[in-house]
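For reference, the structure is listed below as structure tokens.
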Amino acid sequence: MQTIDRAMEIIGIISGSEAAKWLSITEISKECDLPVSTIHRLLQSMKKYGLIQQDPNSKHYTLGNKWLEYGLQLYDSFDFVGQIRPEMERLMNEVGESIYYNKPFGLESLVVERIDCPTNPIRIYDQLGNRIPMHIGAANKAMLAFMPHDEALRIVGSLVAVAEQEVFLEKLQAVKLQGYGISHGEKTKGTSAVAAPIFNQMNELIGAISIGYVNFQVSEDREKLLIDKIVEYGRRISAKLGWR
């Protein structure tokens, strides 16, 4: 287990570096606080399985293509191409804003798809793969409100201060009654989002679709339109996935 822990620490360091940045074995050793000899053995094993790759000239390391292969397999399992992504693109064209799809993973959600509007010069940029604590943001509130009650209570109990839990749970109940979540400036100042839950054919919550927008661009009527659209598309996507 120690070897797995150390390998995942290395992956975290490399993936957390700047885009397309390659790290030397000395830099990785320093970040992990482990001897270079130990890091070298781990890197050789990881390279064997395609988890990392090494530049033949600089001898620096970065993530291997195996992660892309695994990611594409997982992406395909979410049925984005055939079911969800076309609806996200259609919604983006209708509202002229960035559209996101989040999935819950324990105490966090993951941004697994984003469709930006090419005609909108001002965008909210949440990088694919971003992890967001489940008590923050419209998408996460929409998911918490519609997931099994015991699971939602466990997450809220882990993330929200005890003194604030009652008020937070009341907000989730309001989200469930109205059918959508909304947030203002929770992740980035000056931005807002509206979100709706997505269900599969077993009526299980599998994620949330959201519209991100900049506050100063949106009037009250415009925000109502965005809310109506996100609810409409949340139901439409769920129906395509077999939800009844």
Side-chain angles (χ1 to χ4, degrees), residues 74-105 109-130 132 134 136-147 152 171-188 191-215 217-244:
L74 185 61
Y75 183 93
D76 187 57
S77 73
F78 292 156
D79 204 9
F80 283 125
V81 176
Q83 304 287 344
I84 299 176
R85 186 179 173 90
E87 296 296 337
M88 293 178 66
E89 291 176 342
R90 188 174 292 112
L91 176 58
M92 177 274 292
N93 286 321
E94 287 192 24
V95 301
E97 305 285 357
S98 294
I99 311 299
Y100 301 88
Y101 184 74
N102 289 54
K103 285 187 69 68
F105 288 94
S109 75
L110 200 66
V111 180
V112 294
E113 183 59 292
R114 183 190 74 241
I115 308 291
D116 290 322
C117 179
T119 61
N120 190 335
I122 302 177
R123 300 177 183 175
I124 301 172
Y125 187 76
D126 280 327
Q127 188 175 12
L128 295 182
N130 272 5
I132 305 167
M134 281 294 292
I136 296 175
N140 288 351
K141 289 184 177 66
M143 291 188 286
L144 278 174
F146 286 91
M147 67 176 48
K171 290 180 179 178
L172 293 185
Q173 184 61 31
V175 169
K176 190 169 186 177
L177 288 173
Q178 65 195 15
Y180 66 90
I182 187 167
S183 64
H184 301 289
E186 291 189 21
K187 287 181 74 271
T188 305
T191 67
S192 296
V194 291
I198 301 296
F199 302 93
N200 64 14
Q201 72 276 13
M202 303 298 292
N203 294 332
E204 299 167 332
L205 176 86
I206 61 169
I209 186 174
S210 61
I211 303 171
Y213 53 96
V214 179
N215 290 342
Q217 290 183 306
V218 176
S219 65
E220 185 175 330
D221 288 343
R222 169 70 172 165
E223 187 168 83
K224 184 180 184 305
L225 171 67
L226 297 179
I227 290 171
D228 290 343
K229 285 296 180 181
I230 203 65
V231 172
E232 173 191 342
Y233 273 81
R235 292 172 177 169
R236 179 185 294 185
I237 292 171
S238 296
K240 289 187 70 173
L241 296 175
W243 169 74
R244 294 290 184 270

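Not counting sequence neighbours, the partners of Y233 by the side-chain hydrogen bond (donor to acceptor under 3.5 Å, both in side chains) test are E94, R236. Scanning for side chain to side chain contact (heavy atoms under 4.5 Å, CB included) contacts around A195 gives A138, A139, A142, S210, with sequence neighbours left out. Residues forming a ring-ring contact (aromatic ring centres under 6.0 Å, His included) with F146 (at least two apart in sequence, or on another chain): F199. By the salt bridge (charged side-chain N to carboxylate O under 4.0 Å, His left out) test, R235 pairs with no residue at all, sequence neighbours left out. Residues satisfying the salt bridge (charged side-chain N to carboxylate O under 4.0 Å, His left out) criterion with K171, sequence neighbours excluded, are absent altogether. Checked against side-chain hydrogen bond (donor to acceptor under 3.5 Å, both in side chains), N93 has no partners two or more places apart in sequence or in another chain. Considering only residues two or more places apart in sequence or on other chains, Q201 meets the side-chain hydrogen bond (donor to acceptor under 3.5 Å, both in side chains) condition with none of them. Shown here are the side chain to side chain contact (heavy atoms under 4.5 Å, CB included) partners of E223, two or more places apart in sequence or in another chain: I182, H184, Y213, V218, I227.
Across M134 and M147, no two heavy atoms sit closer than the pair CE-CE, 3.9 Å. Taking both residues in full, the closest heavy atoms of A145 and V175 are given as CB-CG1, 3.6 Å, listed atom of the first, atom of the second, then distance. Nearest heavy atom pair, residue A152 against residue L144, reads CB-O, 3.5 Å. When all heavy atoms are compared, the tightest approach of I132 to I136 is CG2-O, 3.8 Å.
Rounded to the nearest 0.5 angstrom, I84 CD1 and I209 CD1 are separated by 8.0 Å. For the atom pair Q83 CD and I198 CD1, the distance stands at 11.5 Å (nearest 0.5 Å). Atom CG in L205 sits 11.0 Å away from atom CG in N203 (nearest 0.5 Å). Between I211 atom CD1 and C117 atom SG the span is 11.5 Å, to the nearest 0.5 Å.
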Apply the test side-chain contact (heavy atoms from CB on, under 4.5 Å) to residues K103 and I206: give CA-CA distance (whole Å), side-chain angles for both, the deciding distance (0.1 Å), then the verdict.
-> CA-CA 6 Å; K103 285 187 69 68; I206 61 169; 3.9 Å; yes
Criterion side-chain contact (heavy atoms from CB on, under 4.5 Å) on I230 and L91, from CA distance to verdict | CA-CA 8 Å; I230 203 65; L91 176 58; 3.9 Å; yes
Can N102 and M143 be said to form a side-chain contact (heavy atoms from CB on, under 4.5 Å), step by step?
-> CA-CA 9 Å; N102 289 54; M143 291 188 286; 4.0 Å; yes
Going through the distances and angles, do Y101 and I237 end up as a side-chain contact (heavy atoms from CB on, under 4.5 Å)?
-> CA-CA 11 Å; Y101 184 74; I237 292 171; 5.8 Å; no
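Residues L225 and K229 form a side-chain contact, since some pair of their non-hydrogen atoms from C-beta on lies under 4.5 Å apart.
Counting only residues at least two apart or in different chains, salt bridge (charged side-chain N to carboxylate O under 4.0 Å, His left out) contacts with residues 191-212 are absent. Listed by first then second residue, pairs satisfying salt bridge (charged side-chain N to carboxylate O under 4.0 Å, His left out) with a partner in residues 175-186 read K141-E186, not counting sequence neighbours.
Partner of I99 under the side chain to side chain contact (heavy atoms under 4.5 Å, CB included) criterion, out of R90, R85, M88: M88 alone.
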